[in-house]
Amino acid sequence: MSIGYACLAVGVKDAGFKSCTMKNADTERLTEITEHNLRTLENIIEFNAANNIKLFRITSGLVPFGSSPVNNLPWHEMFEGRFLEIGKKIKDSGMRVSMHPGQYTVLNSPNDDVVKRAVEDLDYHCLVLDSLKAGQECKIVLHVGGVYDNRKSALERFVRNYMRLKENVKNRLVIENDDRMYSIEEVLETGIALNIPVVYDNLHNAANPCGSQSDDFWISQCNKTWKAADGKQKIHYSQQDPSRKKGSHSEFIRVKEFMNFYGQVKGENLDIMLEVKDKNLSCVKCINCTSERNINILEKEWGRYKYAVLEKSPSLYQEIRHLLKDKEKYPVVEFYELIEGAMTEEMNKGHAINAAQHVWGYFKNTATQKEKDEFSKLVSDFMRSESDLLKIKRMLFKLSFKYGESYLLDSYYFLF
DNA sequence: CACCGTCAAGTCGCA
DNA sequence: TGCGACTTGACGGTG
């Protein structure tokens, strides 16, 4: 069982991808961005390896306009060596990677130009994985596509167009239920007919259900479509954002809800891809909650969360400190539940200033007079509602960098 | 340097 | 028939 996250890592140094617009996509810019994005991918892979994360989705934007005539660079030859280096790091750490073309890659369209672009886009995704020398268990996840007023012929067209794909693309392609068009039942029928694996997505099934079967039921149905060469069965797991419309991914994984789900499926041998806004943060959380670890892990996590908690709730901050006192225990679920409680608190100016002062404590003796003046001005501006908290945090982050406070540089305080 | 409109894709639903 | 919504983060131009 591995738990992973998609595309981006938050709070990781030098881990931002770049892109460009079509009209700026000249050879020089495309080369530079590809080079940059490969370095970014490598940094994220190294972060994953260091944090015991064994499942990761690579962003489709890795090579800008990778499947468009706008980009006619032989990028996989130009960067062959870089792909091999990164691919080796992936393999050496035991990581499984995947890719997932977006909603605009539609293989079953009645418009043949659209289909042609979809085929080219799948070729591109496959070439990225091939260039990394990723095994056949590293999949490309695709939705079935549109309905066009006739589900039966639309599904038949998917089957026909699938046959047009190259063998190495076919070997990686898996299909997923979506939140509007094709329910898990229809995707399963298609997967069985084509003999390709099916990825079950729990939130899509909640938005676009068929019958009232449990997640566990559909997961075991999908399990039958995964052959040995395809690797472990994969599913997508996400939770509804309570304040946004149906189908929106939550900011973070609510640990209690996740553990309830996990209790039902832990007997299966699954890889779980999380789709969640805070990415690696919830991923680390879920890994910590489902594996045998010790309190050192929680103390490390606490070091990163503590000021983010303090600025929302001093009382929960104290409660967590007490929870971590007993070094023989590993109260992981309680720990994260308390953090979640703090993160959902409304912002309170007094608490926010208090936390900012705690962080300022790292610098107040070493800071220059100019920095001291600037900090107190930002604080009083914030109290008078003349500026926002972001400005204070931005300054504190800069100081952390300048004075080499690596403990603070890793803090999630600067992310929220 | 902060802010916000634009980009890029294909389909569906509603005038 | 045509256009807005859907989705996403970063670009890129403005003030």
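Residue numbering restarts at 1 for every chain, and letters A, B, ... go by the order of the sequence lines. Keep in mind the model is a prediction, meaning the values are calculated, not measured.
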Can you list, by residue number, the residues of residues 139-152 of chain A that have a non-hydrogen atom closer than 4.0 angstrom to DNA chain C? none
Note: contacts of residues 173-181 of chain A with DNA chain B (heavy atom, under 4.0 Å) are A:Arg180, A:Met181
Rounded to whole angstrom units, what separation is found between the CD atom of A:Gln103 and the C1' atom of B:dA9? 8 Å
Could you check whether any side-chain N or O of A:Lys89 sits under 3.5 Å from a backbone N or O of A:Glu42, counting only pairs where one atom can act as donor and the other as acceptor? no
Would you call the rings of A:Tyr237 and A:Phe261 parallel, tilted or perpendicular, taking 30° and 60° as the class edges? tilted
Nearest-0.5 Å distance that lies between atom CE in A:Met343 and atom NZ in A:Lys312: 5.5 Å
C:dT7 P sits how many Å from A:Tyr104 OH, rounded? 9 Å
Can you tell whether the side chains of A:Glu137 and A:Arg96 come within less than 4.0 Å, N to carboxylate O? no
Look at the aromatic rings of A:His143 and A:His100 and report parallel, tilted or perpendicular, splitting at 30° and 60°. tilted
Using whole Å, report how far CE of A:Met22 lies from C1' of B:dT6. 14 Å
Answer yes or no: is there an ion pair linking A:Asp271 with A:Lys232, defined by an N-O contact shorter than 4.0 Å? yes
Assign A:Lys245 to base, sugar-phosphate, or nothing according to its heavy-atom contacts below 4.0 angstrom with the strands shown. sugar-phosphate
To the nearest Å, give me how far apart CZ (A:Phe158) and C1' (B:dT11) are. 16 Å
When you compare the side chain of A:Cys20 with that of A:Leu30, does any pair of heavy atoms fall below 4.5 Å? yes
Atom CG of A:Leu62 and atom C1' of C:dG9 are separated, to the nearest Å, by 15 Å
Within the 4.0 Å heavy-atom criterion, would you say A:Ser109 contacts the bases, only the backbone, or no part of the nucleic acid? sugar-phosphate
Over 60° means perpendicular and under 30° means parallel, so classify the ring planes of A:Trp360 and A:Phe375, tilted if in between. parallel
Under a 3.5 Å distance rule, please check whether A:Lys266 uses its side chain to pair with a backbone N or O of A:Met1 as donor and acceptor. no
Does B:dG10 have OP1 or OP2 under 4.0 Å away from a side-chain N or O of A:Arg117? yes
For A:Glu275 and C:dT8, give me the distance from atom CD to atom P, rounded to whole Å. 10 Å
Please state whether the rings of A:Tyr305 and A:Tyr336 are parallel, tilted or perpendicular, taking 30° and 60° as the class boundaries. perpendicular
Could you say whether A:Lys23 or A:Arg394 is positioned toward the 5' end of DNA chain B, judged by the nucleotide with the nearest heavy atom to each? A:Arg394
Does the side chain of A:Asn202 reach to within under 4.5 Å of the side chain of A:Trp218, using non-hydrogen atoms? no
Heavy atom of residues 12-21 of chain A under 4.0 Å from DNA chain C: which residues? A:Phe17, A:Lys18, A:Ser19, A:Thr21
d(CD, A:Glu32; P, C:dA10) in whole Å: 16 Å
What is the distance, rounded to the nearest whole Å, between atom CG of A:Asn71 and atom P of B:dA9? 14 Å
Heavy atoms, side chains only, cut-off 4.5 Å: are A:Phe252 and A:Lys285 in contact? yes
